[in-house]
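First the structure, in the form of structure tokens, and then the observations on it.
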Amino acid sequence: MALLQVNRLYKQFPVRGGLLNRPIGAVQAVTDVSFELDQGVTLGVIGESGCGKSTLGKTIIGLHRPTRGTVTFDGVEITSLSHRGMMPLRRRMQFIFQDPYSSLNPRMTAGQMLSEVIRFHDIVSPRQRTRYIEELLEIVQMRPDARHRYPHEFSGGQRQRLNIARALAVKPDFIIADEPVSALDVSVQAQILNLLMDLRERFGLTIMFISHDLKVVEHFCDEMIVMYLGQVMERLSCDRIQQTARHPYTQALLKSNPINDPRDRTELHVLEGEVPSPRNPPPGCPFVTRCPVAESRCQTQRPGLVPVGRRHDAACWLVDADAASAVSSGSGKTAGSSD
Amino acid sequence: MSSASPSSELPTAAPTARPVLSVRNLTTQFRTDRGLLTAVDSVSFDVFEGEVLGIVGESGCGKSVTARSIMRLLPEHITRYGPDSRVEFSGCNLLELKERRMRRIRGDRIAMIFQEPMTALNPVYTIGAQLDEALRYHTSLSRRERRRRVLELLERVEIPSPERRRREYPHQLSGGMRQRIVIAMALACEPDVLIADEPTTALDVTIQAQILRLMDELRKTSQTAIVLITHDLGVVAQMCDRVVVMYAGQVVESAGVDDLFHDAAHPYTRALLESIPRSGARRTGRLATIPGMVPGLDEMPAACRFAERCSGREDRCTRIAPRLTDITDARSVRCHFPMHQAAGETH
């Protein structure tokens with residue numbers, strides 16, 4: 001059974017305005033997102049800024065209350081749990097933030113910070129605490145004496161190691177990492193990615209890895225979901241995405257991604273236009289305003305996420321039609337496509 | 001066994017061309033509480049008409065200070081340039097120009113775009129007014145001509161409905177659109193040189209592609225020389241003709257882009273290239289990393305600045321500072337034991 005099941009999750013934020021600061025609209029940050037995540041799998045969530053990937057992560061872990069939909073973790077529906085009821089599960093789910101600076105308390109030493117989490121969740125007995133903290137620091141490849149130091153004494157990479165140590169301190173099963181390497185230089189980024197890969201193997205972690213960087217996701221994750229304007233456009237395996245990506249948006253992301261080698265230089269493929277405002281998304285497919293192959297029905301009807309291959313789903317009328325004619329001619333999914 | 005050195009077939013800037021901008025022994029120091037700190041140490045490079053020169057390096061390597069030194073945008077009262085430092089542009093040394101004359105060059109002959117477009121835009125004026133100001137200051141166009149030119153510029157940088165956008169304020173535009181406005185301002189005077197400091201770092205990839213294409217068009221149509229400062233080697237691979245790699249305030253390697261990616265001579269360049277995840281090569285295992293950290297400005301080693309982190313370090317590296325040495329006409333490297341193929345053959 002899947003460790004995490006997200007079922008038709010919606011998250012709206014009210015937009016207030018006017019003289020009385022009344023709600024005058026809503027931002028659709030996450031719209032109808034469903035997926036399952038098996039134990040031990042690393043799932044990448046990719047998309048451009050404002051696509052709802054961070055909100056999705058925060059809603060799953062309970063930092064936002066969903067507008068609709070459910071999240072089930074290890075068989076327990078956590079969206080309806082009280083704060084108290086959530087507590088034992090919260091220990092098993094941890095979050096790593098993008099900014100290693102603002103996510104650490106500047107007035108606490110590394111040791112105090114780790115100690116606080118350990119004490120709160122009662123992970124080890126008070127007598128073993130110091131030993132455990134040193135062990136944690138060693139796990140993230142920091143010196144044991146780092147526990148006496150304050151956040152400002154560390155570099156960006158070291159701070160992110162500290163964040164990872166704090167997440168691991170409670171022995172979680174599941175980690176949501178929101179752009180954990182985006183603020184770091186490439187050589188440091190490589191160190192942190194290697195560390196996360198080691199730890200994933202060592203502790204059998206299930207990871208949801210939120211990122212805007214396709215190369216990083218491709219390298220680090222098993223599967224990925226591609227989000228656009230709050231919705232999932234495609235879910236696919238990270239193996240050979242260049243060949244397998246079906247959704248026009250995923251393909252556009254791949255083509256806009258900077259190349260590895262100057263010899264691969266071609267005319268830059270450019271996706272025209274910009275992401276529409278999440279306050280009034282297009283009624284049909286969210287990608288329709290920028291899609292190079294959009295048809296008239298894409299303007300009015302929203303395509304659902306449907307299987308287009310093995311462990312591969314896409315939300316596109318055109319991909320659906322192609323897949324249906326190529327894979328199975330008599331699929332019920334294509335009933336509406338005859339017009 | 002003598003295979004041709006790949007550098008010999010490399011197309012570089014036409015040898016007869018004179019550089020538009022020439023930086024010579026640029027040393028930039030700051031007076032601070034901790035004493036005089038050297039942020040940029042004897043940096044030299046040339047930029048030719050119609051070419052894109054990349055300056056790459058990680059945070060703190062001095063690439064932005066180099067750009068700001070060229071533009072003289074650093075606070076003068078704490079900045080000191082080395083006695084033999086020169087920034088040669090159209091027959092004068094920019095470092096010695098009076099601020100009043102420098103102002104006529106900035107924006108007009110040398111334009112700069114920044115990572116955060118809001119630093120270059122005034123929040124209380126409309127887009128149209130700001131573009132108009134640039135034209136009024138640097139050209140002799142009439143009011144009506146300027147108005148037409150503003151619309152042309154907005155169209156050129158692909159701003160939708162320019163007649164409406166012209167009357168909007170910066171905060172009403174998205175980040176990508178703001179960056180295009182800044183580029184439009186840079187284009188307004190058809191500068192000889194455009195210095196772009198991390199112009200796409202804050203943008204999404206699809207928007208980044210739009211901005212890069214725009215810069216490429218600018219180079220092709222106006223023969224503008226572009227200095228592109230970035231930490232992103234993918235952007236370098238896509239855009240640059242030649243590349244200068246900086247580490248701890250110094251140039252450690254300069255080469256044509258193809259040589260740099262396929263036959264890097266400096267161990268730092270190699271390590272940097274190996275540490276980026278590559279598309280299409282998933283799960284090849286661990287990424288190569290560079291151990292340790294960049295030394296602080298007040299604790300620069302006297303010998304090789306990369307030695308402490310270098311996998312090929314030898315005794316000499318920690319004793320003698322390597323000099324930036326030409327290895328071919330178009331390449332130079334600051335290393336006692338350069339790693340490129342040609343070096344292996346000559347030994």
Side-chain angles (χ1 to χ4, degrees), chain A residues 46-51 155-158 181 184-195 197-198 212-222 237-243 249 252-275 277 290, chain B residues 57-61 158 160 174-177 200 202-214 216 231-241 243 256-258 260-262 268 271-294 309:
Chain A
I46 189 148
E48 298 180 275
S49 38
C51 74
S155 68
Q158 285 175 317
V181 296
L184 307 172
D185 272 322
V186 276
S187 68
V188 183
Q189 169 177 307
Q191 292 171 5
I192 299 293
L193 285 174
N194 283 346
L195 175 67
M197 284 168 101
D198 291 346
H212 71 282
D213 189 333
L214 202 52
K215 285 180 189 169
V216 170
V217 167
E218 221 184 316
H219 179 85
F220 184 74
C221 303
D222 302 302
S237 158
C238 291
D239 272 321
R240 299 170 52 240
I241 50 170
Q242 312 278 353
Q243 289 83 29
Y249 178 60
L253 276 183
L254 282 164
K255 285 183 192 155
S256 318
N257 210 20
I259 48 174
N260 296 325
D261 185 331
R263 288 178 189 170
D264 299 339
R265 207 181 278 191
T266 52
E267 204 57 32
L268 262 177
H269 173 89
V270 170
L271 199 55
E272 303 296 339
E274 301 190 34
V275 185
S277 160
R290 301 172 82 192
Chain B
E58 297 183 280
S59 23
C61 72
E158 290 159 35
S174 67
M177 241 189 261
T200 59
L203 305 174
D204 283 316
V205 279
T206 62
I207 309 298
Q208 166 167 289
Q210 293 172 0
I211 299 291
L212 294 181
R213 187 180 66 174
L214 205 55
D216 202 43
H231 70 283
D232 187 335
L233 289 158
V235 170
V236 172
Q238 179 69 50
M239 293 289 291
C240 299
D241 301 306
V243 189
V257 71
D258 195 77
L260 193 90
F261 277 77
H262 291 281
Y268 175 65
L272 209 53
L273 283 163
E274 280 162 14
S275 66
I276 36 172
R278 305 199 151 219
S279 323
R282 193 177 90 78
R283 291 279 173 120
T284 43
R286 299 170 60 85
L287 293 164
T289 60
I290 308 175
M293 279 186 301
V294 184
R309 306 175 72 189

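Reminder, nothing fancy here: chain letters follow the sequence lines and each chain counts from 1.
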Exercise. Measure the spacing between CD of B/Q208 and CG of A/N257 and express it to the nearest 0.5 Å.
Key: 8.5 Å
Self-check item: Among the listed options B/V235, B/I207, B/V236, B/T289, the residue most often paired with chain A at heavy-atom distances under 4.5 Å
Solution: B/T289
Practice problem: List the atom of B/V257, the atom of A/R265, and the distance in Å for their closest heavy-atom pair. | Solution: CG1-NH2, 3.7 Å
Quiz item: Cut-off 3.5 Å, side chains only: do B/S275 and A/Q189 have a donor facing an acceptor?
Solution: no
Quiz item: Rounded to the nearest 0.5 Å, how far does CD1 of B/I290 lie from CG of A/D185?
Solution: 9.5 Å
Self-check item: Minimum-distance pair of heavy atoms, taken over all atoms of A/E272 and B/Q210
Solution: C-NE2, 3.8 Å
Quiz item: Looking at B/M239, B/M293, B/H231, B/Q238, which makes the most heavy-atom pairs under 4.5 Å with chain A?
Solution: B/Q238
Quiz item: Say you draw a straight line from CG of A/N260 to CD1 of B/I276; how long is it, rounded to the nearest 0.5 Å?
Solution: 6.0 Å
Quiz item: Closest heavy-atom contact between B/P277 and A/H219?
Solution: CB-CB, 3.8 Å
Quiz item: Okay, side chain of A/R263, backbone of B/D258: is any donor-acceptor separation there less than 3.5 Å?
Solution: no
Quiz prompt | chain A contact via B/P160 - which portion, at a heavy-atom distance below 4.5 Å | solution = neither
Quiz item: At what distance, to the nearest 0.5 angstrom, does CG of A/D261 lie from CG of B/L273?
Solution: 10.0 Å
Quiz prompt | Contact leader toward chain A among B/A271, B/C240, B/A288, where contacts are heavy-atom pairs under 4.5 Å | solution = B/C240
Quiz item: If you measure from CD on B/E274 to OG on A/S187, what distance do you get to the nearest 0.5 Å?
Solution: 12.5 Å
Quiz item: When only pairs under 4.5 Å are counted, which of A/Q191, A/Q158, A/E267 shares the most heavy-atom pairs with chain B?
Solution: A/Q191
Exercise. Compute whether any side-chain donor of one residue and acceptor of the other, for A/E48 and B/T206, lie under 3.5 angstrom apart.
Key: yes
Exercise. Let me know if A/D264 has heavy atoms under 4.5 Å from chain B in its side chain, its backbone, both or neither.
Key: neither
Quiz item: Roughly how far, to the nearest 0.5 Å, is CZ of B/R286 from CG of A/L193?
Solution: 10.5 Å
Quiz item: Between A/L214 and B/V205, does a side-chain contact (heavy atoms from CB on, under 4.5 Å) hold up when you go through it step by step?
Solution: CA-CA 9 Å; A/L214 202 52; B/V205 279; over 6 Å; no
